[in-house]
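Pasting in a structure now, in structure tokens, and then I'll have a few things to ask.
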Amino acid sequence: MQQSASSRPLVGVALVIGSCLSLPFGAAVAAQLFPVLGPWGVTSLRVAIAALLLLVIVRPRPRRWTRQQWIAAVLFGVSLAAMNGFFYAAIDRIPLGPAVAIEFLGPLVLAAVLTRRLADAAWVGVALIGMVLLGVDGLIGAEPLDPLGVVFILIAAGFWAMYIRMSARVGSLIPGSGGLAMGLLVAALLLIPVGVPAAVTVSGDMQLLLLAAVTAVLSSVIPYSFELAALRRLPQRVFGVLLSLEPAFATLAGWLILGQSATPLRMLAIALVVAASAGATLGIRRRTRADAEKSPQKSPDEDDPPAVFTGPIPLPE
């Protein structure tokens, strides 16, 4: 059944929230593998397992793809490999809180560049203040950040912005989740040099293999599928602001699951990013409803991608 234009933004918001809920649990599992496999080894296994799962479930047919679709899928895979690898390399050297805050410079800058409305720019500013407060909270009483770790997370931030752009591109060019499956396959192939030693290590240990599989599902399959679907319903600038929920959920997960303290400054940061996400969501909801009332037959434009989504992970027929 085809969704109404007014329902699409809310579904997109729900998908982003689902992604933000899944990622902290995946990160918690991945952290247990770092001492044995290293950050790049964990990245390689996570991406490879996720690619295998999606290839089996989705069964894409890339032979029918055009050159344009192939280029989009390959660039999507490059962004996936680099974004995840450099993020794990960074949190192996610096605390998770400051790392997430710094990495959010990628989507926030992208949202600021893409916005054409003063209200959207204001919400980006509110979210940016929240990210800064999260970073300050992570630095209070801590040792100085490792410079190489900061470089790694800045690189990850750049590739995160690229991931948002390419995910939207793949979502508009390739129906279903075939583009995501092939993107993960490309990422897995790029990470083979660091993945072979990790694969050898886990091959004789079922517990490590199970942890790697859980990491792949929680950190790749679920969030990337949900985000790919969300980008078919939301403008990229709004998607970038909504992703501000991710460090907020990560902070709450650290408090509930890992027993990490939630300081007043951190709670204020959470309130700011939630306010920014809510403001951006309500804004697009009102604009979509007004546009639907004025011009029900309006064809979608570049800022409002068509609803071609067929499911987060469509099962084979």
Side-chain angles (χ1 to χ4, degrees), residues 16 19-20 22-24 26-31 33-34 37-48 50 74-113 127-128 130-132 134-135 138-139 145-168 170 180 183-184 186-188 190-191 193-195 198 215-216 218-220 223-224 227-228 231 236 239-251 253-254 273:
V16 175
S19 170
C20 292
S22 180
L23 281 166
V29 175
L33 296 170
F34 280 5
L37 304 177
W40 284 97
V42 175
T43 302
S44 177
L45 282 180
R46 163 189 158 183
V47 170
V74 169
L75 291 177
F76 186 38
V78 171
S79 68
L80 284 170
M83 176 184 69
N84 287 292
F86 281 107
F87 176 75
Y88 277 179
I91 64 174
D92 195 38
R93 290 175 172 268
I94 62 178
L96 181 60
V100 173
I102 295 171
E103 192 190 23
F104 251 83
L105 290 174
L108 285 172
V109 169
L110 177 64
V113 169
L128 182 58
M131 294 302 101
V132 171
L134 280 176
L139 290 172
L145 297 179
D146 181 277
L148 188 57
V150 173
V151 171
F152 285 158
I153 201 62
L154 286 174
I155 295 173
F159 279 107
W160 194 357
M162 178 181 174
Y163 159 76
I164 293 174
R165 294 290 288 176
M166 296 316 303
S167 182
V170 166
L180 174 58
L184 285 169
V186 169
L190 291 173
L191 293 169
V194 293
T215 300
L218 293 179
S219 297
S220 293
Y224 294 155
E227 289 174 12
L228 185 67
L231 278 165
Q236 292 175 42
F239 178 82
V241 176
L242 284 171
L243 280 179
S244 300
L245 287 170
E246 188 174 313
F249 278 119
T251 302
V273 296

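Note that the numbering runs from 1 along the sequence shown for the chain.
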Revision key, fill the gap. Across all chains, not counting sequence neighbours, the side-chain contact (heavy atoms from CB on, under 4.5 Å) partners of Ala48 are Ala188

Review point. Can you tell me how far CG of Leu23 sits from CG of Leu218, rounded to the nearest 0.5 angstrom?
Key: 9.0 Å

**Study point:** Interatomic spacing from CD1 in Ile153 to CG in Asp146 - rounded to 0.5 Å
**Key:** 12.0 Å

Check your understanding: Hey, do the aromatic rings of Phe152 and Tyr88 have their centres closer than 6.0 Å?
Key -> no

**Study point:** Partner residues of Leu33 under the side-chain contact (heavy atoms from CB on, under 4.5 Å) criterion, sequence neighbours left out
**Key:** Leu37, Val42, Leu208, Leu211, Ala212, Thr215

**Study point:** Sidechain-backbone polar pair: Thr43 side chain, Pro39 backbone, donor-acceptor under 3.5 Å
**Key:** yes

Point to revise | Sequence neighbours excluded - salt bridge (Lys or Arg N to Asp or Glu O under 4.0 Å) pairs with any residue from residues 147-163 | key: none

Pairs under 3.5 angstrom only: tabulate donor-acceptor contacts from the side chains of residues 76-87 to other protein residues two or more places apart or in another chain.
residue : atom : partner : partner atom : Å
Ser79   : OG   : Phe76   : O            : 2.6
Asn84   : OD1  : Arg46   : NH1          : 3.2
Asn84   : OD1  : Arg46   : NH2          : 2.7
Asn84   : OD1  : Tyr224  : OH           : 2.8
Asn84   : ND2  : Leu80   : O            : 2.7
Asn84   : ND2  : Tyr224  : OH           : 2.7

Exercise for review: Would you name the heavy atoms of Ser219 and Gly26 that are closest together and state the gap between them?
Suggested key: OG-CA, 3.1 Å

Study note, to complete from the structure: In short, Gly149 meets Ala90 closest at the heavy-atom pair O-CB, 3.6 Å

Check your understanding: Who pairs with Glu227 by side chain to side chain donor-acceptor pair (under 3.5 Å), at least two apart in sequence or on another chain?
Key -> Ser19, Tyr163

